[in-house]
Amino acid sequence: MLKIYNTLARQKQTFTPIVAGKVSMYVCGMTVYDYCHLGHARVMVVFDMVSRWLRASGYAVTYVRNITDIDDKIIKRANENGQSISELTQYFIDAMNEDAGKLGIIQPDIEPKATAFIGDMIQMIAALIEKGFAYVAKNGDVFYSVNHFAGYGKLSGKSLEDLRAGERVELDSFKKDPMDFVLWKAVKPNEPSWDSPFGGPNGGKGRPGWHIECSAMSAHYLGAQFDIHGGGQDLQFPHHENEIAQSEAAHNHSGQPCKMVNYWMHNGFVRVDNEKMSKSLANFFTIRQVLEKYDAEVVRFFILRAHYRSPLNYSDQHLEDAKLALTRLYTALRGHVVCDIPINWQHPQAVKFKEVMDDDFNTVEAMAILFDLANELNKTKSAETAILLRGLAGILGLLGRDSDAFLQGADAPGELNVEALIVLRNEAKRAKNFAESDRIRKLLADEGIILEDSPQGTSWRRA
RNA sequence: GGCGCGAUAGCAAAGCGGUUAUGCCGCGGCCUGCAAAGCCGUUUAGACCAGUUCGACUCUGGUUCGCGCCUCCA
């Protein structure tokens, strides 16, 4: 029985889908004005893992991850670059897909772009105005009136009073309440705009605010109520709080409450030197920067080796550690080919694996089981164990490659003809010319190539 | 200031009211021409102070320190 930590309830809860056997899941995706960094990688990997485990558990999953392709930063960046907005966003969408693919992320079932759902957003805003939850300000902006929504703050545990008392609330003369947030931004010079029926000095022309995008797109594909909503911890407030306010108010029928999401999931941050990795702190590493140095599977392994709700410190040392650990698993699998044999769920280790994954996706414990299996495999060389190890790891999107492909690296062996040197060395060894055989081994070692002798012959890998 | 999270061995990171987490590193042994890999064994824990309990790393309270949200952020 799957248990999920629900941010809304502040505890683990047994997962019960709205429709038996089906799961509807929405995750806040990227704003595409730059390359994805490791924080984005974590969201993608974590919810990829979640969807994989749900599918492995027999659920038919509909996974929606949106793309925000209109917002202040995009407009600014496009203007700076002298590009059109769609040129800019398409470039970074392609880059994102490339990065995600390398990290072994299965593409979500639906990846809606905000600009394709302006109509849905306008409809939702109109409904909110009609029901008294939103108002058109003098400047043409449309705001959500937070004190009309009784549940405001229930996800983030904040109260309107506390929020208003906060130091950083900016005063905006067009708002009725400083906590009101924008649903529709009136058009400004050099900004793209869409027609709307909201009126105001610009005849309603404008563009949507950020929060309404997700409310509209999730409702479009998953309906007024769905099972799981995910995202980074930083989206809890205000983004997800505002989504709830919008969706639950807009879908209220004659005062009947309509719960938007049953399970809210938030992944922890990636940190650098114990601080959150973020654009504003300028301490971020892009996925492609990291992939220049480390194998993508190592990065995926690194992310899944921490619990999804815990903070994850990034450093070269930690990536090196992850690389060595993953090397251990692949080393154990050497000689066992990749195959597609189904998992034996009766096996005690598979039972344990299911148990820990069902406990709020405890990939850390799941990994420990993989290492136990590797140990068993090293001792027994049992093909059954190898199949199980590959199968269980495969659910996490790991160990899908041939061992040598991982251990030797995908790139060409460089200038040295490793196989030929191994032959020469073995000849020297047979002649008991150990000085020569050690010279050859040293030669290769200096190039980062490690030789390993075994009864089956000599194999090599990269350090 | 308000709200919330965390503190585990050299590093990373989980579970658990009593029984080996796991990975990397270190040490000893086996194996090896020597290595590497692997196997066996092994040293390092639970910020601090109280309390509950037969028993606490695990529960409760306090202290200290760190982090996050309250502004765009995954």
Side-chain angles (χ1 to χ4, degrees), chain A residues 7 10 27-31 33 36-47 65 68 71-73 76 153 156-159 161-170 179 210 230-239 241 266-271 274-281 284 301-302 305-307 309-313 315 317-329 331-332 334 355-356 359 362-372 374-375 377-379 381 407 428-430 432-435 437-438 441-442 445 450-455 458-461 463:
Chain A
T7 311
R10 271 153 241 287
V27 172
C28 289
M30 262 51 77
T31 300
Y33 69 100
C36 290
H37 60 64
L38 273 185
H40 302 118
R42 191 173 192 192
V43 182
M44 292 196 281
V45 169
V46 161
F47 289 101
R65 190 185 66 209
T68 295
D71 107 316
D72 293 356
K73 284 174 180 168
K76 187 167 169 259
S156 54
K158 296 178 190 299
S159 74
E161 270 175 39
D162 293 344
L163 287 164
R164 288 193 193 103
E167 297 163 347
R168 291 149 142 183
V169 175
E170 65 179 273
M179 289 316 298
W210 177 40
Q233 233 160 36
D234 45 359
L235 298 187
Q236 202 171 309
F237 188 90
H239 184 55
E241 198 70 73
H266 292 97
N267 66 274
F269 297 130
V270 176
R271 295 182 183 175
N274 235 29
E275 269 188 328
K276 176 185 172 183
M277 179 182 289
S278 71
K279 294 269 168 109
S280 32
L281 289 169
F284 61 90
F301 178 89
F302 167 70
R305 203 156 65 127
H307 187 87
R309 284 189 278 113
S310 301
L312 177 61
N313 260 306
S315 75
Q317 195 209 328
H318 297 155
L319 265 287
E320 285 296 340
D321 187 80
K323 179 185 167 184
L324 289 171
L326 188 57
T327 299
R328 176 171 165 82
L329 295 178
T331 303
R334 220 159 17 177
E355 214 172 275
V356 299
D359 184 15
N362 195 336
T363 54
V364 184
E365 289 282 331
M367 294 275 193
I369 292 165
L370 300 186
F371 283 99
D372 286 345
N375 180 257
L377 178 57
N378 281 331
K379 281 188 277 191
K381 312 284 175 205
L407 296 170
K429 271 176 68 181
R430 262 194 299 276
K432 301 246 189 271
N433 184 354
F434 296 123
S437 69
D438 288 352
R441 188 168 64 194
K442 175 78 166 49
I450 296 167
L451 298 187
E452 291 170 349
D453 297 330
S454 79
T458 302
S459 56
W460 67 275
R461 66 183 170 93

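Proteins come first, then strands; the chains are lettered A, B, ... in the order of their sequence lines, and each starts at number 1.
- Inter-residue side-chain proximity for His37(A) and Val270(A) is flagged as unmet; no heavy-atom pair is nearer than 4.5 Å.
- Counting only heavy atoms from C-beta on, Lys73(A) has its side chain closest to C72(B) among A37(B), C72(B), A21(B).
- Side-chain to base pairing of Arg441(A) with C34(B): one donor and one acceptor N or O lie within less than 3.5 Å of each other.
- As rounded to the nearest Å, A74(B) and G6(B) have P atoms that lie 24 Å from one another.
- Thr331(A) comes within 4.0 angstrom of sugar-phosphate atoms only, judged by non-hydrogen atoms across all strands, and of no base.
- Comparing A74(B), G15(B), G68(B) by their closest approach to the side chain of Glu275(A) singles out G68(B).
- Among the atoms of the strands shown, none is found under 4.0 Å from any heavy atom of Asp359(A).
- Between the side chain of Asp438(A) and the base of G33(B), at least one donor-acceptor pair of N or O atoms lies under 3.5 Å.
- Within 4.0 Å (heavy atoms only), Lys432(A) reaches no atom of the nucleic acid at all.
- Close to A36(B), at under 4.0 Å from its OP1 or OP2, lies no side-chain N or O of Trp460(A).
- With distances taken from any side-chain atom of Lys379(A) to the nucleotides C73(B), G2(B), C40(B), the minimum falls on C40(B).
- Considering only side-chain N and O atoms, Ser310(A) lies under 4.0 angstrom from the phosphate OP1 or OP2 of A14(B).
- Across all strands shown, C30(B) pairs with G38(B); the Watson-Crick or G-U wobble distances both stay below 3.5 Å.
- Of the side-chain N and O atoms in Arg328(A), none sit less than 4.0 angstrom from OP1 or OP2 of A36(B).
- Counting only heavy atoms from C-beta on, Arg461(A) has its side chain closest to A37(B) among A74(B), C73(B), A37(B).
- Straight-line distance between the C1' atoms of C34(B) and U19(B): roughly 42 Å, to the nearest whole Å.
- Using a 4.0 Å heavy-atom cutoff across all strands shown, Asp453(A) reaches at least one base atom of the nucleic acid.
- Here the CG atom belonging to Asp359(A) is positioned 8.5 Å from the CD atom belonging to Glu355(A), to the nearest 0.5 angstrom.
- Taking the side chain as every heavy atom from C-beta outward, Asn375(A) and Arg328(A) approach each other to under 4.5 Å.
- In a base pair of the Watson-Crick type (N1 to N3 plus N6-O4 or O6-N4) or a G-U wobble (N1-O2 and O6-N3), with each distance short of 3.5 Å, U19(B) is matched with no nucleotide.
- Once the 5.5 Å centre distance and the 30° plane angle are applied, the aromatic ring of Phe269(A) is found not to be stacked with the base of A74(B).
- The same atom, C1', is picked in C73(B) and in A21(B); the two are 35 Å apart, to the nearest Å.
- Nearer to the 5' terminus of RNA chain B, by closest-nucleotide assignment, is the contact made by His318(A) (compared with the other of Val43(A) and His318(A)).
- At the heavy-atom level, Val356(A) lies nowhere under 4.0 Å from the strands shown.
- The base-pairing partner of C24(B), taking Watson-Crick or G-U wobble contacts with both distances under 3.5 Å, is G10(B).
- G41(B) sits 12 Å from G23(B) when the P atoms are compared, rounded to a whole Å.
- Residue-to-nucleotide contacts include no donor-acceptor pair under 3.5 Å from the side chain of Lys276(A) to the base of C67(B).
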